[in-house]
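Here the structure is a predicted model, which means the values were calculated and not measured. To find a chain, count down the sequence lines: A is the first, B the second, and so on, and within it residues start at 1.
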Number of protein chains: 2
Amino acid sequence: MQRTKIQDVAALAGVSVSTVSRVVNNSDYPVTAEKRDRVRRAVRELNFSPSQVARNLRTNKSKLIALVVADIANPYFAGIARAMDEFLFHEGYGLIISSTDESPDREKGILNRLRDQDVDAIVISSSGQNISLLELLHKEGFPVMLLDRNIEELHMPFIGSDNVRECCILTQYLIDKGHRSILFLAGSLDSTTGKERLQGYRKALLKNRIEYDDSLVLHGNFMRDETYRLSVDFFDNRSDRATAVVSSNNLMSEGFLEAAFDRKISIPQQYSLVSFGSIDNQRLITPILTCYRQNLEMIGKLTAQMTLQMINESSGNADVPQNLVINDVFVEGKSVGTI
Amino acid sequence: MQRTKIQDVAALAGVSVSTVSRVVNNSDYPVTAEKRDRVRRAVRELNFSPSQVARNLRTNKSKLIALVVADIANPYFAGIARAMDEFLFHEGYGLIISSTDESPDREKGILNRLRDQDVDAIVISSSGQNISLLELLHKEGFPVMLLDRNIEELHMPFIGSDNVRECCILTQYLIDKGHRSILFLAGSLDSTTGKERLQGYRKALLKNRIEYDDSLVLHGNFMRDETYRLSVDFFDNRSDRATAVVSSNNLMSEGFLEAAFDRKISIPQQYSLVSFGSIDNQRLITPILTCYRQNLEMIGKLTAQMTLQMINESSGNADVPQNLVINDVFVEGKSVGTI
DNA sequence: ATGAAAGCGCTAACAA
DNA sequence: TTGTTAGCGCTTTCAT
């Protein structure tokens with residue numbers, strides 16, 4: 001069965017294709033009521049709906065926005081994706097989602113693919129290793145928006161948390177509870193996010209005149225399994241070196257908790273934990289984590305809004321980079337004990 | 001900055017556009033090594049990469065596959081999406097993901113959108129309320145593949161679980177532990193999946209000569225919050241009517257567990273629970289659920305494979321509908337007590 | 001107010 | 001082995 005095209009409609013309505021196009025697009029171009037009606041009827045009769053592909057080619061827009069993240073199965077990204085989709089759908093946009101698995105190479109491949117697809121914008125939580133490619137895309141006119149992980153030299157719109165501040169407060173919370181030897185689960189230091197969260201931790205130590213000890217920083221990559229391994233190793237060999245831990249994201253918190261569970265370390269009795277980001281199914285898990293909880297719905301919606309704004313601006317004049325720093329919610333749970 | 005196009009490459013290489021096209025597409029068409037080289041060099045120099053949009057229009061393929069699910073933030077779908085993306089990326093395909101929130105209207109809107117985008121295939125976990133539209137898409141040549149929820153009258157390829165069998169076994173497990181009054185958390189009965197799981201439950205009752213009691217079936221819609229409400233209501237008003245419960249999917253299990261937690265009902269001491277599908281962060285949650293665990297990685301990969309197969313076949317001859325029934329893994333946890 | 005026609009960037013049939 | 005060219009379905013300029 002063939003797709004009905006604009007010519008078919010034009011023929012049935014007895015008008016030219018231009019007229020059909022005008023009507024279909026609700027152009028404010030003048031069309032007599034009568035023809036408009038004839039076209040509308042023909043459209044309905046033939047169940048016509050214009051090929052977005054042909055439009056794409058002609059107009060250089062695809063009505064497609066890409067979301068590039070480490071892993072769409074991470075509830076953090078899935079929640080944001082959900083909210084973005086919700087918002088974008090109503091604006092007539094579709095969402096292409098790709099996972100990089102934290103691999104810069106994979107990320108590069110994905111970005112190149114997106115370039116060819118002519119997506120209208122790219123929202124990316126980048127490894128931070130593809131700066132020149134992102135720059136190139138930007139130059140070619142792709143609105144690029146940085147999500148969660150900023151890349152400062154790029155001067156592109158960014159939405160994310162105040163990592164330094166929030167991590168500092170989390171650490172301070174532990175210190176206030178009497179902890180002095182605090183482990184830090186670091187995410188990838190190639191990303192601003194990873195760096196800034198570590199920085200927040202150090203800032204809190206400094207403020208409280210606690211000496212920074214490099215051996216208390218476990219270097220991970222924001223991923224659960226790896227954190228599990230690091231944590232098990234820590235428990236097995238140097239468990240007594242710390243009384244509390246600051247985790248850099250939700251997955252790392254999960255990995256740590258799994259390790260503690262397997263090593264029969266009880267939280268918060270033996271170890272206290274604070275987390276950047278809450279974990280999935282928290283209501284079913286003991287203890288409730290003391291953490292900064294991110295409002296995924298809001299982040300997703302704002303991201304979508306900013307992205308559309310970029311798209312519209314970029315067709316106009318200068319695109320003004322804009323940074324949006326989200327204030328997450330501090331949740332006082334039961335995962336921290338007093339010393 | 002302008003996109004470089006095939007003409008630019010042709011000019012720089014001193015050949016015709018067809019030659020460039022042939023080289024770029026690795027066509028097995030004969031091209032002399034020398035020209036091939038010249039083209040390759042020009043491609044690199046100009047950083048050329050063909051517009052997928054123009055290709056789409058010309059070839060009627062978009063290298064885009066759509067995944068339509070109730071909610072991409074449901075770990076079940078997110079896990080499948082992740083695995084599909086993994087596989088499809090290597091085959092040169094992108095993945096458009098849309099969430100329907102279980103709304104047939106929303107689903108319809110999404111499907112119409114996808115039609116215009118000319119996606120190469122649609123993978124859908126459908127509400128089951130848009131049969132005629134799915135049929136239309138099929139007639140128009142869109143390969144459609146049903147995921148998790150079958151619609152039998154459509155005779156389209158399907159991948160999913162053996163719902164009747166697995167739910168029957170889950171129920172039987174409870175019966176074997178001495179339970180006779182068993183609550184069933186039903187998903188939407190508009191979907192085959194919802195119906196079949198209920199059917200499996202009834203089958204087990206029948207086999208054991210336990211009378212089916214309609215008031216022990218809580219009618220939900222596969223969603224967490226609603227199940228929470230239904231469960232709380234049950235606990236508050238008719239808690240003593242049952243000693244065990246069969247849940248129709250992961251989210252409903254979570255909703256039930258949250259309700260039990262809030263009402264201080266302990267599992268499995270006061271109530272036993274078996275679940276179709278495991279829950280997120282299970283390792284951190286007590287008790288471990290007795291459930292059928294679905295291998296999302298495998299399901300996603302197989303789905304992607306079948307989809308590509310459909311795409312390739314449909315360009316060829318008859319597309320043979322194919323049903324793939326996954327054997328999930330029975331996990332014996334600690335969520336069931338003996339009576 | 002309407003229609004004819006150019007052309008978006010590419011592939012592929014056909015010609016040479 | 002290579003080049004020329006039609007045309008994918010649409011939007012939009014220009015002429016009427």
Have [X] and [Y] got a donor and an acceptor in their side chains that come within less than 3.5 Å?
X	Y	result
A/Ser191	A/Thr193	no
A/Tyr76	A/Asp148	yes
A/Asn25	A/Arg55	yes

Should [X] be listed as having a side-chain N or O under 4.0 Å from OP1 or OP2 of [N]?
X	N	value
B/Lys35	D/dG3	yes
B/Asn56	C/dC10	no
A/Ser16	C/dG3	yes
A/Arg55	D/dC10	no
A/Ser21	D/dT11	yes

Considering every strand and a 4.0 Å limit on heavy-atom distances, what is the contact class for [X]: base, sugar-phosphate, or nothing?
X	answer
A/Arg58	base
A/Thr19	sugar-phosphate
A/Asn60	nothing
B/Val53	nothing

With A/Glu107, which of A/Thr100, A/Asn130, A/Asn112 fulfils side-chain hydrogen bond (donor to acceptor under 3.5 Å, both in side chains)?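 Between A/Glu107 and the candidates, side-chain hydrogen bond (donor to acceptor under 3.5 Å, both in side chains) is satisfied uniquely by A/Asn130.
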Minimum heavy-atom separation for A/Leu134 and A/Met156, please, with both atom names.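 What the structure gives for the nearest pair is O-CE, 3.6 Å.
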Which nucleotide in the set D/dC10, D/dG3, C/dT11 lies at the smallest distance from any side-chain heavy atom of A/Gln7? D/dC10
Selection from D/dG3, C/dC10, D/dT4 that lies nearest to any side-chain heavy atom of B/Val15: D/dG3
Rounded to the Å, how far apart are [X] [atom1] and [N] [atom2]?
X	N	atom1	atom2	result
A/Gln52	D/dT11	CD	C1'	12 Å
B/Asp8	C/dG9	CG	C1'	11 Å
A/Leu57	D/dT11	CG	P	12 Å
B/Lys63	C/dC10	NZ	C1'	15 Å

Charged tip of A/Arg115 within 45° of A/Phe142 ring normal and under 6.0 Å: no
Are the side chain of B/Asp120 and the backbone N or O of B/Ser62 linked by a donor-acceptor pair below 3.5 Å?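 Yes.
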Show me the protein contacts with nucleotides 13-16 of chain D, counting only N or O atoms at under 3.5 Å.
from   : atom 1 : to      : atom 2 : distance (Å)
D/dT13 : O4     : A/Arg22 : NH2    : 3.3

